[in-house]
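As a basis for the values below, the full set of heavy atoms in this structure was taken, side chains included, without hydrogen atoms, waters or symmetry mates. The chains referred to below are lettered A, B, ... by the order of the sequence lines, with proteins before strands, and numbering in each begins at 1.
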Amino acid sequence: MILNNVASAYKVKKENRFKIAAYEQAASVIDHLSSEIRDLWEEGKLDQVPGIGPSIASHLEELFTKGESAHFNKVFSGLPESMFVFLSIPGVGPKKAYMLAKELNIDRKSTALAKLKKAGENKQIRQIEGFGEGSEKEILKRLGEYKRKEKRMSLFEACNQAEKLRNYLKSCEKAVKVEVLGSLRRRCVSVGDIDIVAATNEAQAVIHYFTSYPKKRKIINAGPSKASILLTNNFQADLRVIDPKSWGSMLQYFTGSKQHNISLREYALKKGMSLSEYGIKKVKSQKLKIKNYSKEKDLYNALGMEWIPPELREDTGEIDAAIKKELPKLVKLKEIKGDLHMHSNFNTETGGDLGINSVKEMCEKALKFGYQYIAFTEHNPSMSKHSEQQITGLIMKKKKYIEHIKSSSKKLSNLHIFNSLEVNILPDGQLAISDKALHTLDFAIASIHSSFLMPKEAMTARILKGLDHPKVKILGHPTNRMIGSRKGIEADWEKIFDFCAKNKKILEVNANPKRLDLPDNLIKKALTKGVKLAINSDAHAADSMNFMKFGVWNARRGWAEAKDIINTMNYDKINEILCPAAPDTE
DNA sequence: GCCGTTTTCGGCCCGACTGTTTTCAGTCG
């Protein structure tokens, strides 16, 4: 982001440090924004973005209108453009990047890294003030492994990696407690590195144990209270060790997010308290004695607020809510009473994917979870190859088959099973099966599986038309994003949310960790409009029914409570929602 | 340059580690 470069340029030019912080803050906020900053500008909402004031807003305005900003150009003047390339090297910040560019006479960014490498090999870097033989070698090494830092793990992979590391550390007898923190504890959809903390009275021993982890590629650094290693999958793991009496403070600090911590510390300062990972100091007191907190809850309480669930710690209003004691009672996994989107291997002669497990196997898994109800929602039969009669025939065949499975096993008798389908919404908004076929279902999930790149207005109209059918109750994986690989469709979500609220249509929170769709920020917006959600696994195998927890985490990040989620309700209630009795006809 | 439940002026989070210094600046989270 250009604002980060402005901040870096200001650092070289020794600008006021608070001004620099303001630019960094603005860049960070934009990075974590739910929408593109350019879209907000187009909608005239720049001034609503926290951290963007009149000055930065006007520069961005100029940037978006003319393609460049005179002010930014002035800030960058006199600085070699190669320095902004060097910033991507770990351990190289603005000052060092500038020194490298200037002293080595490297200006163009296209050849910057190659030239830097050559200079290092000619032992020129060590001659620059502030550098030495050690840092020269380090830079050369980093250049060898140079790649963009932006790579992130899926939450699913991060959970697995972290669990292994956690178990390893737990086997260290000097470690009293071990916990995984950072973005993983906040259940972010993707995770950049694994943060882990250990409580111990023998820090050195635990650090040594950590840096001896067999699945590491190398040790990045190791000091008396923290260490970092590079795992074999090329992701970083950071460890902090802490005295058990400060466990709660460390939990708070290392869970973040950064913005949450900064806001929390600023709030603490206003109340005369200085907050760190060790505890709270009274600012005015001469002694500067630290009060430790072994429990995270006690720390938040000492600041005059409720304990804040990790999923909410993104500095999006949770601190205010905690002070007013108005935090939502977030939905819990154990409150989920059923799964309304599952694919069995019953052959619906579809163009989409079949599941790999049988109806019976998936029913048995549902019983293990204690579900009261489930819905089988295989993809609709392909229309090109079937007549309407054949399609309704298939639906009735599946219905009978489910009844047969149910009646053949006593333990299944209390499990309610909806006969449903996941029906494609075609580009023109038509549903992929006929009105008559739809009426043979208990209800339908409607989803988009093609033509993702339609313009916003047409896409919105397409979705609204698809949702309009009385049998369609749920919009499946609404944005169609695939985390890390597909951005998702463009649509007027406000309009869709209004429609759903008015017509009692349910939005899915698809729990597949590659989807997590609706995204958390849209969940939060939908809830303010009174839209109800369903958290579904979209399992194509019995094992994948375990994905439910990812969906619950994602809903929690969107501030969802049990009352917002229809599949926390009992069967009678949900049956009323999904299969309302037909209105009396005169 | 931003911001406001003590402020429209006067504040602005806090600490660890590294390398190059010979007491600290730069970088990172």
Select base, sugar-phosphate, or nothing to describe what A:Asn221 touches, counting heavy atoms under 4.0 Å on all strands.
sugar-phosphate

Pick the closest DNA chain B nucleotide for A:Ala227 and for A:Lys270 by heavy atoms, then say which residue is nearer the 5' end.
A:Lys270

Distance-only polar pair, side chains of A:Ser246 and A:Asn292, donor-acceptor under 3.5 Å
yes

Between B:dA16 and B:dT20, how many Å separate the two P atoms, rounded to a whole number?
22 Å

Counter-base of B:dT8, judged by Watson-Crick or G-U geometry with both distances under 3.5 Å:
none

Does A:Glu138 reach a base, just sugar-phosphate, or nothing at all? Heavy atoms under 4.0 Å.
nothing

Is any side-chain nitrogen or oxygen of A:Ser228 closer than 4.0 Å to OP1 or OP2 of B:dC17?
no

Between A:Tyr98 and A:Ser8, is there a side-chain donor-acceptor contact under 3.5 Å, judged purely by atom types and distance?
no

Atom NZ of A:Lys524 with >12 non-hydrogen neighbours under 6.0 angstrom:
yes

Side-chain contact check for A:Lys96: nearest option of B:dC17, B:dT27, B:dG1 is B:dT27

Quick check on B:dG15: is either OP1 or OP2 less than 4.0 Å from any side-chain nitrogen or oxygen of A:Lys281?
yes

Just to be sure I understand the rule, does A:Gly130 reach a base, reach only the sugar-phosphate, or reach nothing, if contact means heavy atoms closer than 4.0 Å?
sugar-phosphate

Using whole Å, what does the distance between atom C1' of nucleotide B:dC12 and atom CG of A:Leu264 come to?
16 Å

Hey, does A:Tyr278 reach any base, or is it just sugar-phosphate, or nothing, if we go heavy atoms under 4.0 Å?
sugar-phosphate

Would A:Gln252 and A:Asn261 count as having a side-chain donor-acceptor pair, cut-off 3.5 Å?
yes

Once the angle between the rings of A:Phe550 and A:Trp553 is folded into 0 to 90°, is it parallel (under 30°), tilted (30 to 60°) or perpendicular (over 60°)?
perpendicular

Could you tell me whether A:Ala222 contacts a base, only the sugar-phosphate backbone, or nothing, with contacts defined as non-hydrogen atoms closer than 4.0 Å?
sugar-phosphate

Distance check needed: B:dG29 P versus A:Phe254 CZ, whole Å only.
10 Å

Tell me what A:Ile56 touches on the nucleic acid: a base, only sugar-phosphate, or nothing, going by heavy atoms under 4.0 Å.
sugar-phosphate

What integer distance in Å separates A:Glu266:CD from B:dG4:P?
10 Å

In residues 235-247 of chain A, what residues come within less than 4.0 Å of DNA chain B, judged by heavy atoms?
A:Arg240

Does any donor atom in the side chain of A:Arg185 or A:Thr255 lie under 3.5 Å from an acceptor atom in the other side chain?
yes

Examine the side chains of A:Glu306 and A:Asn301 and answer whether a donor and an acceptor come within less than 3.5 Å of each other.
no

OP1, OP2 of B:dG1 versus side-chain N and O of A:His71: anything below 4.0 Å?
yes

Assign each of A:Ser135 and A:Lys19 to its nearest nucleotide of DNA chain B by heavy atoms, then name whichever residue's nucleotide is nearer the 5' end.
A:Lys19

A:Lys95 vs B:dG26: side-chain N/O to OP1/OP2 distance below 4.0 Å:
yes

Among B:dT27, B:dG15, B:dG29, which is the nearest nucleotide to the side chain of A:Ser276?
B:dG15

Quick one: is B:dG1 close enough that its OP1 or OP2 comes under 4.0 Å of any side-chain N or O from A:Ser55?
yes

Reckon A:Glu133 touches a base, only the sugar-phosphate, or nothing at all at heavy-atom distances under 4.0 Å?
sugar-phosphate

Over all strands shown, is A:Ile20 touching base, sugar-phosphate only, or nothing at heavy-atom distances under 4.0 angstrom?
nothing

Mind checking A:Ile323 for me? I need base, sugar-phosphate or nothing, with any heavy atom below 4.0 Å counting as a touch.
nothing

So does A:Ser274 get a side-chain nitrogen or oxygen closer than 4.0 Å to the phosphate oxygens (OP1/OP2) of B:dC13?
no

Between A:Glu121 and A:Lys115, does at least one N-O distance fall below 4.0 Å, as a salt bridge requires?
no

